Amino acid sequence: LEHCGQQGDWKLFFAQFSEFWRILKPDGRLVGTVPMWDSPWAWGDPGHTRILCAGSFSYLDQDHYKQVGVTSTSDYRKVWKGDFKVTLQETEHQLAFVLKAIK
């Protein structure tokens with residue numbers, strides 16, 4: 001994931017996760033790891049073009065958008081129609097995630 005797109009390329013971000021959501025069965029899970037934003041591997045790998053952090057994944061959960069208008073969060077509901085329940089686990093150098101497709 002950190003090898004695709006550019007930092008700030010929200011169109012590719014949501015297009016990728018829309019496709020993951022589309023191909024998963026209801027309650028299907030996408031499991032993976034990415035380097036932590038402050039890991040030496042995050043920007044040290046010359047092939048990395050973006051970093052995903054816990055905050056990035058929060059935009060994939062439709063419950064996140066309850067705070068639109070209350071906080072300064074961006075509203076991507078016009079482009080993001082999927083819904084994932086997100087489970088994250090941080091270690092020193094990795095962010096592990098499980099995304100459960102809600103359909």
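Note that the structure is a prediction, hence the values are computed from the model and not measured. Throughout, residue positions are numbered sequentially from 1 according to the sequence presented.
Distance check: Trp21 CH2 to Lys81 NZ gives 11.0 Å after rounding to the nearest 0.5 Å. The CG atom of Leu52 lies 6.0 Å from the CZ atom of Phe17; values are rounded to the nearest 0.5 Å. In this structure, Ser74 OG and Tyr65 OH are separated by 8.5 Å, a value rounded to the nearest 0.5 Å. Put simply, CZ on Phe97 and CG on Leu60 are 9.5 Å apart, with the number rounded to the nearest 0.5 Å. Rounding to the nearest 0.5 Å places NZ of Lys103 at 10.5 Å from NZ of Lys25. Taking CD1 of Ile51 as the reference point, atom CD of Glu2 lies at 6.5 Å (rounded to 0.5 Å).
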inquiry  = Walk me through whether Arg29 and Leu24 qualify under side chain to side chain contact (heavy atoms under 4.5 Å, CB included).
reply    = CA-CA 7 Å; Arg29 287 164 174 81; Leu24 286 168; 6.0 Å; no

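Inter-residue side-chain proximity for Asp9 and Gln7 is flagged as unmet; no heavy-atom pair is nearer than 4.5 Å. Side-chain contact between Gln62 and Ile102: absent, with no pair of heavy atoms (C-beta onward) separated by less than 4.5 Å. Between Gln94 and Ser39 there is no side-chain heavy-atom pair separated by less than 4.5 Å.
His3 places a side-chain N or O within 3.5 Å of a backbone atom of Gly47 that can act as its donor or acceptor partner. Between the Thr49 side chain and the Gly5 main chain, a donor and an acceptor come within less than 3.5 Å of each other.
Pairing each heavy atom of His64 with each of Ser58, the nearest pair is CB-O, 3.1 Å. In terms of heavy-atom proximity, His48 sits nearest to Pro35 at CE1-CG, 3.7 Å. Of all heavy-atom pairs between Leu12 and Cys4, the closest is CD2-C, 3.8 Å. Here the shortest heavy-atom pairing between Leu95 and Cys53 reads CD2-C, 3.7 Å. Of all heavy-atom pairs between Ala54 and Glu90, the closest is CB-OE2, 4.2 Å.
Residue Val31 shares its hydrophobic cluster (ILVMFWY side chains chained together at separations under 4.5 Å) with Val98.
Residues satisfying the salt bridge (charged side-chain N to carboxylate O under 4.0 Å, His left out) criterion with Glu19, sequence neighbours excluded, are Arg22. For Thr71, the side-chain hydrogen bond (donor to acceptor under 3.5 Å, both in side chains) partners are Gln67, not counting sequence neighbours.
Atom NZ of Lys11 has 12 or fewer heavy atoms from other residues, nucleotides or ligands within 6.0 Å.
Hydrophobic clustering, with ILVMFWY side chains joined whenever heavy atoms are under 4.5 angstrom apart, groups Val79 together with Val86.
Electrostatic pairing of Asp61 and Lys85 counts as a salt bridge here, judged by a charged N lying under 4.0 Å from a carboxylate O.
Just one of Tyr76, Trp10, Phe13 meets the ring-ring contact (aromatic ring centres under 6.0 Å, His included) condition when paired with Tyr59; it is Tyr76.
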